[in-house]
Amino acid sequence: MTDLTSLTLAAAREGLANRSFTSLELTDAHLGAIEAARGLNAFVMETPDQARSMARAIDAKIAKGEGGPLAGIPLAIKDLFATKDVRTTACSKILGNFVPPYESTVTSQLWRDGAVMLGKLNNDEFAMGSSNETSCFGPVVNPWRRDGANTTLVPGGSSGGSASAVAALLCMGATATDTGGSIRQPAAFTGTVGMKPTYGRCSRWGIVAFASSLDQAGPIARTVRDSAILMRSMAGHDPKDTTSVDRAVPDYEAAIGKSVKGMKIGIPREYRLEGMPQEIEKLWTEGAAWLKAAGAELVDVSLPHTKYALPAYYIVAPAEASSNLARYDGVRYGLQVPGRSIGEQYENTRAEGFGAEVRRRVMIGTYVLSAGYYDAYYLRAQKVRTLIKRDFEECFAKGVDAILTPATPSAAFGIGEKGADPVEMYLNDIFTVTVNMAGLPAIAVPAGKDAQGLPLGLQLIGRPFDEETLFSLGEVIEQAAGRFTPARWW
Ligand code: GLN
């Protein structure tokens, strides 16, 4: 029998339905792979007992011909999602050993549909980062290495554990969140598929908040079809999240294989950056050619406010973060460092509990929201945000169905290589943050490799709530580019 961990989610679903293997066998195969891959540091909590008992329960259901769309599929969960009775930390010391008495809406929908939880995945602290180096549990290692070298590379961030675990065949899919690129950038760095849905498509309830007007949950998976399967379970209206949208959830999988003939694909000139590596440029041209060969029409488009997206994001996101993170005061959750007064207790707890990047964001956020600077920074950034959104609206109004761009400006870099200057790290999100500012859906699909053998991704940006078109187009790229699997060395 082939190694069960190398199956796609779709193939495993079939194998389970045909009774070729049980969920317990599939789960055990993954638990073994996780144990053998501890050096990647993708998991911050393994839940083998829970996994086996969920698998047994679903096997009993499958035997009776019951079980939902994800019956028996082993998944792993970013540690930003609250999981009932299982420690949830956002990879921050300040949450300590916080064990939620509730389950996030997105994960509860996965369990409702029959999925099995393998454990919780590492991420940047409070999802702030692009390399998974800010986690209090230490960095995650990318299962990819440069040809002929053994430098350890970052998997991207903040959903680095999700991307690394999916690429290394430790789970069949993972949950992730994206505030400025945290699903798409790690997917691009690991040869996996990352879908950031439209803002409001998935409930944010029970997900540790970073920047509430930008945060969105979505899947990281090994194929476009697998991510469409996961999306259907993750999406949906939730009265507990007032920003979640009451719209029927389509059968995303039905979009796979649909003709893209006649679709108009926008190529935005502002994404052609000065000094962009030749191989990214080449990848982009190649991706456009694949879509054209499938019958799509390429059109040049302009998104003139693109250059303001990153600076505006780094005002809006820290502003919201500083407000959201005010709740970590040493009284209600996790860590508590006493002081002589309640004020001193707050100070001690927050100084000790937050890492350097989180402290930086809280300080920037507090500054841009302060009385004297609010208009100059926060208000202005919000206005820029409206202009960015309008750029996209004008583009779609001209009949453009989706926009094709590179997913990242480079391939994965080495652990410890970037970060001395935070702006160098922030530049990773240059192609992804605009989408969050505009609330749009976007998918990152592996499309090629760089000269050193590392995967590179392309991004497709869609109209609001038109994830289906992205799945159809994404699959065309996947068919042309093939699948990307790292050689096992760990
Ligand atoms: N890298 C970006 C940041 O640090 C985005 C992170 C995210 O999407 N969660 O804010």
Side-chain angles (χ1 to χ4, degrees), residues 78-81 90-92 106 121-135 139-140 154-163 174-189 194-199 202 204 207-220 309-325 354-365 368 381 385 407-410 412-413 418-419 421-444 457 459 461:
K78 185 176 183 179
D79 208 27
L80 223 62
F81 292 77
C91 296
S92 178
V106 164
L121 296 162
N122 208 337
N123 51 252
D124 276 301
E125 184 179 3
F126 284 107
M128 297 174 189
S130 306
S131 62
N132 213 128
E133 292 172 289
T134 72
S135 163
V140 175
V154 304
S158 67
S159 312
S162 307
T175 64
T177 60
D178 192 312
T179 303
S182 279
I183 292 177
R184 293 158 287 155
Q185 185 255 15
F189 275 15
M195 165 55 98
K196 181 258 181 234
T198 313
Y199 184 79
C202 294
R204 289 181 298 107
I207 301 174
V208 176
F210 166 6
S212 306
S213 77
L214 301 161
D215 298 344
Q216 201 33 219
I220 291 185
L310 200 64
Y313 169 86
Y314 274 99
I315 290 172
V316 174
E320 294 185 20
S322 71
S323 161
N324 272 327
L325 269 53
F354 290 141
E357 183 59 29
V358 175
R359 289 202 300 270
R360 175 167 25 239
R361 307 271 180 128
V362 169
M363 283 189 280
I364 294 172
V368 300
R385 185 173 183 178
T408 57
S410 74
F413 46 88
K418 282 190 190 180
D421 174 5
V423 175
E424 202 190 357
M425 194 64 85
Y426 299 168
L427 283 170
N428 267 284
D429 306 313
I430 193 115
F431 298 136
T432 49
V433 289
T434 48
V435 167
N436 303 73
M437 294 294 263
L440 300 172
I443 193 168
Q459 170 176 244
I461 305 169

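Each ligand, and each atom within it, is numbered from 1 in the order the structure gives. Just the heavy atoms: all of them, side chains too, but no hydrogens, waters or symmetry mates, feed the values below. Since the model is a prediction, treat every value here as computed from it, not as a measurement.
- Listed for the N122 side chain is no donor-acceptor partner under 3.5 Å among the backbone atoms of N132.
- The contact shell of ligand 1, taken as protein residues with any non-hydrogen atom closer than 4.0 angstrom, comprises A127, M128, G129, S130, S158, D178, T179, G180, G181, S182, F210, Y313, Y314, R361, D429.
- A donor-acceptor contact under 3.5 angstrom links the side chains of S92 and E125, judged on distance only.
- Residues satisfying the side-chain contact (heavy atoms from CB on, under 4.5 Å) criterion with S182, sequence neighbours excluded, are K78, S158, S159.
- In this structure, the side chain to side chain donor-acceptor pair (under 3.5 Å) partners of E357, at least two apart in sequence or on a different chain, are R360, R361, Y426.
- Between S130 and K418, every side-chain heavy-atom pair lies at or beyond the 4.5 Å cut-off.
- With sequence neighbours excluded, the residues forming a side-chain contact (heavy atoms from CB on, under 4.5 Å) with A174 are L121, S162, V166, C171, listed by chain and number.
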